[in-house]
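Scope of the values below: all heavy atoms of this structure, side chains included, with no hydrogens, waters or symmetry mates. Naming convention: chains lettered A, B, ... in sequence-line order (proteins, then strands); numbering from 1 in each chain.
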Amino acid sequence: MIDLKLLQKDFENVSKKLQRKGVSAELIAELKAKNEALKEAKQAYETLQAAQNAMSKEFGVYKREGKDISELKARVDENKVKVAQAIEVQRQAQEALEELAMAIPNMPDDSVPDGEDEDDNVELKKVLIPREFDFTPKEHWELAEQNGWIDFERGVKLATSRFSVGFGMGARLERALINFMLDFNRERDFAEVSVPQLVNADALKGTGQLPKFEDDLYKTQDGLYLIPTAEVPVTNLYQDEILKAEDLPQKMTAYTSCFRKEAGAAGRDTRGMIRQHQFHKVELVAITHPDESEKIFDEMVACASDMLTALELPHRLVNLCTGDLGFGAAYTTDIEVWLPGQNTYREISSISNTREFQARRAKIRFKNGKKNEFVHTLNGSSLAVGRTMVAIMENFQNEDGTIDIPKVLHPYLGI
RNA sequence: GGACAGUUGGCCGAGUGGUCGAAGGCGCUCGCCUGGAACGCGAGUAUGGGGCAACCCAUCGAGGGUUCGAAUCCCUCAUUGUCCA
């Protein structure tokens, strides 16, 4: 959630920044008006309630002294009606404000380039030079089927489209990658955590998936949701807590399955395992002191990029433009891996600094001296496991369709 | 699934209708004491919101109700423990 105090104090600036993110000026003005309306309603209620409380105290005195209370009770009863009305006004103002505020995205950092969509993202750097093929490289689904690694049809049989089944090396490689990634991250001081893969609505509100993106989530009959990313349970570990300054930063890594309806992606990446309803991902999450978040962001980007380098996978870093930036992010670096079969770079990791945006929603604070302040939260994939498999298949393929395994994974596969 | 018992501040723990945002203890902070420390003594020590401030509002697992007034009574839910199936 954006800082409503800042909105009041520096309306022009906040408005300008949010408009870069596509929020209309009218909506921002409305947010300010609703915030002011709530403040007014609160003050009205509190004044009446203070009177009510004072009279109630008097009541005790009257009773003790055996005085006649009928006149006092009449006054109190009269005020009570007003209090009830004021509460209702405040409740409505609160609801109206929250509904609006929760649907407003984070302000993009000044460093975020303007742009419509992914075509306007700015390349920061390339790492490793893609290999030259002396044959036409195949796409991963062909290789996956040829090697018997992935069975797409049986995935559909068991569930529906966008599900797949791993067999043999297809299954083993997945597990090897997960272990490799977790070990790699742990060596860089990201502590491993194992978290629930179903969460409640509060957790999803905390990280920003709810209320706006409910359509993309699988929901159970008990009101729990399957997580779309480990970012949700890991970040919310500290929901509604006040951390000690010396406990920061909290750097964590977690492996989970991720579940997404991909509601807005009809027709995109329908073949292969680029865009599945269920996929595996190793995630990095950091909870930091505000002064430290940019430094740790760089660490996270380096961690994911170095992991790809260790896997010998060519990739590039791009700075997301305003149009491609996620709801909660102040700025994001995507890492795109080279896919020779598709002859293009595709996203394999996305690292974001949300600054206070999630911390304010999830009420994650720390003691800064005497004062409680919001932490900064960051998250990033390192890496999406399925897409890493895709990248390995396409980059390590031989002319006969066999696939080599990156050296760094050999110990994990007993080769 | 059923029965019973819990859920109070950083922690432990008292509190069954008003002076309770909450005794007492531990911990922590500051001061005194000391060559320095321990001990001892004194003061302070929840969170959010509003106000320059005095101060005001809210919060005792969550939500609702009774009442002029609820940590305390009633209802629902969550959760923990123990026992039963």
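The partner of B:G63 is B:C75, judged by Watson-Crick or G-U wobble contacts that both fall below 3.5 Å. For B:G69, there is no paired base (Watson-Crick or G-U wobble, both distances below 3.5 Å). Pairing for B:C83 is with B:G2, a Watson-Crick or G-U wobble pair whose two hydrogen-bonding atom distances lie under 3.5 Å. Searching all strands for a Watson-Crick or G-U wobble partner of B:G27 with both distances below 3.5 Å returns B:U45. Under the Watson-Crick and G-U wobble criteria, each requiring two contacts below 3.5 Å, nucleotide B:G36 is left unpaired. Pairing for B:G9 is absent, judged as Watson-Crick or G-U wobble with the two contacts each under 3.5 Å.
Phosphate proximity of B:U45 to A:K367: absent, as no side-chain N or O sits under 4.0 Å from OP1 or OP2. When the side-chain nitrogen and oxygen atoms of A:Q49 are compared with OP1 and OP2 of B:A58, one or more of them lie within a distance under 4.0 Å.
With rounding to whole Å, A:L97 atom CG is found 14 Å from B:G49 atom P. Across the protein-nucleic acid pair, A:F366 atom CZ and B:G48 atom P stand 12 Å apart, rounded to whole Å. The OH atom of A:Y45 sits 7 Å away from the C1' atom of B:A58 (whole-angstrom rounding). The interatomic distance linking A:E246 (CD) with B:C28 (P) rounds to 13 Å, in whole Å.
For A:R365, taking side-chain heavy atoms from C-beta onward, the closest of the listed nucleotides B:G51, B:G49, B:G48 is B:G48. The side chain of A:A50 lies closest to B:C56 when the candidates are B:C56, B:G50, B:A46.
Distance check on atom P: B:A54 versus B:A62 gives 28 Å, rounded to whole Å. For the P atoms, the distance linking B:A71 with B:A37 amounts to 45 Å, nearest Å. Here, B:C12 and B:G61 have their P atoms 14 Å apart, quoted to the whole Å. When the C1' atom is used for both B:U72 and B:U66, the distance is 13 Å, rounded to whole Å.
Checked by atom type, the side-chain pair A:E98/A:Q94 shows a donor-acceptor distance below 3.5 Å. With hydrogens and angles left out, the side-chain atoms of A:T207 and A:Q358 include no donor and acceptor closer than 3.5 Å. Defined by atom type and a distance below 3.5 Å, a donor-acceptor pair is missing between the side-chain atoms of A:Q52 and A:S56. Side-chain contact check for A:Q276 and A:E262: no donor-acceptor pair (N or O, by modelled atom type) lies under 3.5 Å. Side-chain N/O atoms of A:Y412 and A:N179 include no donor and acceptor closer than 3.5 Å. At a cut-off of 3.5 Å, with distance as the only test, a side-chain donor of A:H280 or A:Y255 sits close to an acceptor on the other residue.
Here A:K363 lies out of heavy-atom contact (under 4.0 Å) with every strand. Among the protein residues, A:K244 comes within range of no part of the nucleic acid, since none of its heavy atoms lies under 4.0 Å from any strand.
Nearest-nucleotide assignment on RNA chain B puts the 5′-proximal partner with A:K5, out of A:T47 and A:K5.
Electrostatic pairing of A:R186 and A:D183 counts as a salt bridge here, judged by a charged N lying under 4.0 Å from a carboxylate O.
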How does each nucleotide of nucleotides 62-71 of chain B score, in 5' to 3' order, for protein heavy atoms under 4.0 Å: base (B), sugar-phosphate only (S), or none (-)?
-> ------BS--
How far apart are the C-alpha atoms of A:K244 and A:K367, what are their side-chain angles, what is the distance that settles it, and do they pass the side-chain contact (heavy atoms from CB on, under 4.5 Å) test?
-> CA-CA 5 Å; A:K244 291 179 193 151; A:K367 274 262 184 244; 5.9 Å; no
